[in-house]
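For ligands, and for the atoms within them, numbers begin at 1 and follow the listed sequence.
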Amino acid sequence: MQEKLLNLKEAALNEIKDMSTIEAVESLRVKYLGKKGEITSILKEMGKLSAEERPVMGKVANEVREALEGSINSKKEELKLIEKQRKLAEEVIDVTMPAKQFTVGKKHPISQIIDEVTDIFVGMGFSIAEGPEVETIENNFDALNAPKDHPSRDMSDTFYINDDLLLRTQTSPVQVRTMKKEELPIKVIAPGRCFRFDSPDATHSPMFHQIEGLVVGTNVTMAELKGTLDMFVKKLFGEHTKTKFRPHNFPFTEPSAEVDVTCFKCQGEGCQMCKGEGWIEILGAGMVHPNVLRNCGIDPEKYSGFAFGMGVDRITMLKYEIDDIRLLFENDMRFLNQF
Ligand code: 2NL
């Protein structure tokens, strides 16, 4: 029996020596020392031995078991260490490797123009006002003196949400909110997105951008409107730029005007950009209609105001000579990277 044990020990130790995986060592442990293992089954036969033989055999058996366990454990440790070193060698980080190139984005041309225009007005003491894109019919049409049968109110021109709400068709409701809420004097500009039920083509987009301005206080005059816009276009298009006011009609201003500037490409000579006119229309403006002031809780006998509005997309297209508004909203990086 003792010889059997010692032979098993020799065999097991030999096997362990050449093992290269933890799994193999573990199955060897089960094979010899497990519940149904070879050494375990020998030990079970110890009951058959005489009282003198038993302690001797017991001692040998324990020594064999301890030797095997020791050898198994140290082999496992050795294999774990090898595995760890292999991983460390494999996962080494090359700190000299060049970093991944990443590209920095840039401002969309429309955002560039919005920032440029708002900066000019902030420089003249205006603050920036913002409001929701989903507006009430009251703020978008009623307060602005739009006649009940005005074509812009039509279902086919405006995105209605329900009987009270719509997607704002201009940024004027932002100024309406300002007049209803804030103390006078008011001097704000409102840049933002607007929506009209238009089929997209080279000059129309159902989503577009506007910047409107509003000044309300005591003795605000048309001369100040002209002076403000004159200064603005000189800052935006250059010192030599001149303005021309042409009579127009808006429901929310009286009197109203469309404002042209001398072509910033030909300085008024006439070119392709201005279609030979020498002038380019860029703004609408006027004195705030007394009804609008009244609708917003301001007494038109005591106070007056001027307002103006411009299409940001149109100005962007003029400045960068873009001939199709849809290009501004397709977000093709090959296009946008040019500005
Ligand atoms: C244009 C013309 C304009 C206004 C907008 C305005 C706002 C209030 C009261 C009175 Cl709260 N007027 N805005 C006035 C005149 C013209 O825009 O061609 N926009 C692209």
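Heavy atoms of A285 found under 4.0 angstrom from ligand 1 belong exclusively to the backbone. For Q210, every heavy-atom contact with ligand 1 shorter than 4.0 Å involves the side chain, none the backbone.
Every atom of ligand 1 with a heavy atom of G311 under 4.0 Å away is listed here by number and element: 20 (C). Those atoms of ligand 1 with a heavy atom of M310 less than 4.0 angstrom away are 19 (N), 20 (C). Taking every non-hydrogen atom of T253 and a distance limit under 4.0 Å, the qualifying atoms of ligand 1 come out as 10 (C), 12 (N), 14 (C), 15 (C). Which parts of ligand 1 touch Q175 is read off a 4.0 Å heavy-atom cut-off, strictly below it: atoms 7 (C), 11 (Cl).
In terms of protein heavy-atom proximity, atom 1 (C) of ligand 1 is closest to G309 O, 3.6 Å. Given atom 18 (O) of ligand 1, the protein heavy atom at minimum distance is G284 N, 3.8 Å. Among protein heavy atoms, the minimum distance from atom 12 (N) of ligand 1 is reached at A307 CB, 3.2 Å. Atom 13 (N) of ligand 1 has its closest protein heavy atom at E212 OE1, 2.9 Å. Of all protein heavy atoms, the one lying nearest to atom 4 (C) of ligand 1 is F252 CE1, 3.5 Å.
Around CE of M124, the count of heavy atoms belonging to other residues, nucleotides or ligands within 6.0 Å exceeds 12. Counting non-hydrogen atoms of other residues, nucleotides and ligands closer than 6.0 Å to NZ of K234 gives a total above 12.
At least one heavy atom of L144 sits closer than 4.0 Å to an atom of ligand 1. The shell of residues lying under 4.0 angstrom from ligand 1, judged by heavy atoms, includes M179.
Using a distance-only test at 3.5 Å, with no hydrogens or angles considered, no donor-acceptor pair links the side chain of D157 to the main chain of R153. Of the possible polar contacts, one joining the S50 side chain to the E53 backbone as a donor-acceptor pair under 3.5 Å is found.
Ring-plane geometry between Y160 and F141 is classed as tilted, the angle between the planes lying from 30 to 60 degrees on a 0 to 90 degree scale.
With respect to R29 and E26, a salt bridge is recorded, a charged nitrogen being found less than 4.0 Å from a carboxylate O. Salt-bridge formation is detected for the pair R86/E90: a Lys NZ or Arg NE/NH1/NH2 atom is positioned less than 4.0 Å from an Asp or Glu carboxylate oxygen.
In this structure, F121 has its ring center under 6.0 Å from that of F308.
For the residue pair E212/Q175, the side-chain donor-acceptor check at 3.5 Å is satisfied.
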